[in-house]
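Chain letters run A, B, ... following the sequence lines, proteins first, then strands; residues in each count from 1.
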Number of protein chains: 2
Amino acid sequence: MALKYISNSGNKVITTREISDSKNIPYDLLSKIMQTMKNENILSSNQGSSGGYSLSKRPDEIPLYNLISAIDGEVNIAECLKESPVKDCSMTDNCSIKSPVMLLQKEVEDLFKRKTISDFV
Amino acid sequence: MALKYISNSGNKVITTREISDSKNIPYDLLSKIMQTMKNENILSSNQGSSGGYSLSKRPDEIPLYNLISAIDGEVNIAECLKESPVKDCSMTDNCSIKSPVMLLQKEVEDLFKRKTISDFV
DNA sequence: TTGAATGTGGACTAACATAGTCCTATTTAG
DNA sequence: CTAAATAGGACTATGTTAGTCCACATTCAA
């Protein structure tokens, strides 16, 4: 919603406060999310008074996949598919359904990579 | 993996113990999962000695969607899309990205409905 | 030069979800 | 009868996440 808000403002520099007030999102929470998106290069920021955020790319150049990866971490349909599984499944190496699971993972990934922020604007 | 195991056994009646031993899945845990799948009509069961489980339908008649719904609950890309949201989002009614989110939800659902257990066998 | 407005970032908490365990029935074939 | 199954309730330990709070850094403009 924040990205849509910025996008619909003609990509001016927008403050967290403005979005927070306008969309009724708790300031501190939104603030954290904006920072995360900044760190993942989805947003650019200007500090100081009259500072704020703007999109770092055109909406159609930002895959939903990247946004979710940035905020929620890897998009995975199963723990064992994470790059660094927190707890490794005892049968990762001889899992009997590994290949169909990986195929589905790929299909989900592709779906989220095809969608971009422009689909939400 | 359990469904695949049963499916590959020519759909004989298979015990939880057999799958647990053969696939190194903790018995108590697998047992709970088998019960859940039974209650959701994915499996049929026979009690008593020489009892066990069998598929209630052909593998290609069991959508992955049903399996996941049964075990993990509704397949939702966002809390607000649940039938009974645990905590309702303050802006459910005037969410600015509701319709594209619902579209994506539908696409994910469709993907999981197209896949069936036979894709994992 | 100062102060207000802004982003930055670390630490913390409360609430919730989930895998996994344990124990006690109940059912049924032999 | 009894052994081998399923059935199911209660519980726990662990991890995850939304959300908060506080101190700091940066910049603009009066």
Hey, which of B:Ile19, B:Ile14, B:Thr15 is the one that makes side chain to side chain contact (heavy atoms under 4.5 Å, CB included) with B:Arg17? B:Thr15
Reading nucleotides 25-30 of chain D 5' to 3', which nucleotides get B (base under 4.0 Å from a protein heavy atom), which S (sugar-phosphate only), which -? -BBB--
Mind running side chain to side chain contact (heavy atoms under 4.5 Å, CB included) on B:Phe120 and B:Lys4 for me, showing each step along the way? CA-CA 7 Å; B:Phe120 293 79; B:Lys4 172 173 184 170; 5.7 Å; no
Grab the two heavy atoms, one from B:Ile77 and one from B:Gln105, that are nearest each other, plus how far apart they are. N-OE1, 2.9 Å
Could you pull out the closest heavy-atom pair between B:Ile42 and B:Asn66, with the gap in Å? CD1-O, 4.0 Å
Heavy-atom count around B:Lys113 NZ within 6.0 Å, excluding the residue itself: above 12? yes
Starting at CD of A:Glu74 and ending at P of D:dT17, how long is that distance when rounded to a whole Å? 12 Å
To the nearest angstrom, the CG-P distance between B:Asn39 and D:dA7 comes to 7 Å
In whole Å, what is the span from the CD atom of B:Glu18 to the P atom of D:dT6? 10 Å
How long is the line joining CD of A:Glu79 and P of C:dA17, in whole Å? 18 Å
Does A:Thr15 place a side-chain N or O at less than 4.0 Å from the phosphate oxygens OP1/OP2 of C:dG7? no
Which atom of A:Met34 lies closest to which atom of A:Ile6, heavy atoms considered: CE-CD1, 4.0 Å
Please report the C-alpha distance between A:Ser44 and A:Tyr53 in whole Å, then the side-chain angles of each, then the deciding distance to 0.1 Å, and finally whether the side chain to side chain contact (heavy atoms under 4.5 Å, CB included) criterion is met. CA-CA 6 Å; A:Ser44 312; A:Tyr53 294 96; over 6 Å; no
Sorted by number, the residues of residues 21-35 of chain A with heavy-atom contact under 4.0 Å to DNA chain C: A:Tyr27, A:Ser31, A:Lys32, A:Gln35
salt_bridge(B:Lys106, B:Asp110) N-O dist < 4.0 Å: yes
For A:Lys38 and C:dG7, give me the distance from atom NZ to atom P, rounded to whole Å. 11 Å
Return the value, rounded to whole Å, for the distance between atom CD1 of B:Ile68 and atom C1' of C:dT18. 16 Å
Rounded to whole angstrom units, what separation is found between the OH atom of B:Tyr53 and the C1' atom of D:dG8? 10 Å
Any side-chain N or O of B:Ser45 below 4.0 angstrom from OP1/OP2 of D:dA5? no
Closest approach of A:Pro59 to A:Ser7 (non-hydrogen atoms, all atoms of both residues): CG-OG, 3.3 Å
Separation of C:dG9 C1' from A:Met37 CE (nearest whole Å): 16 Å
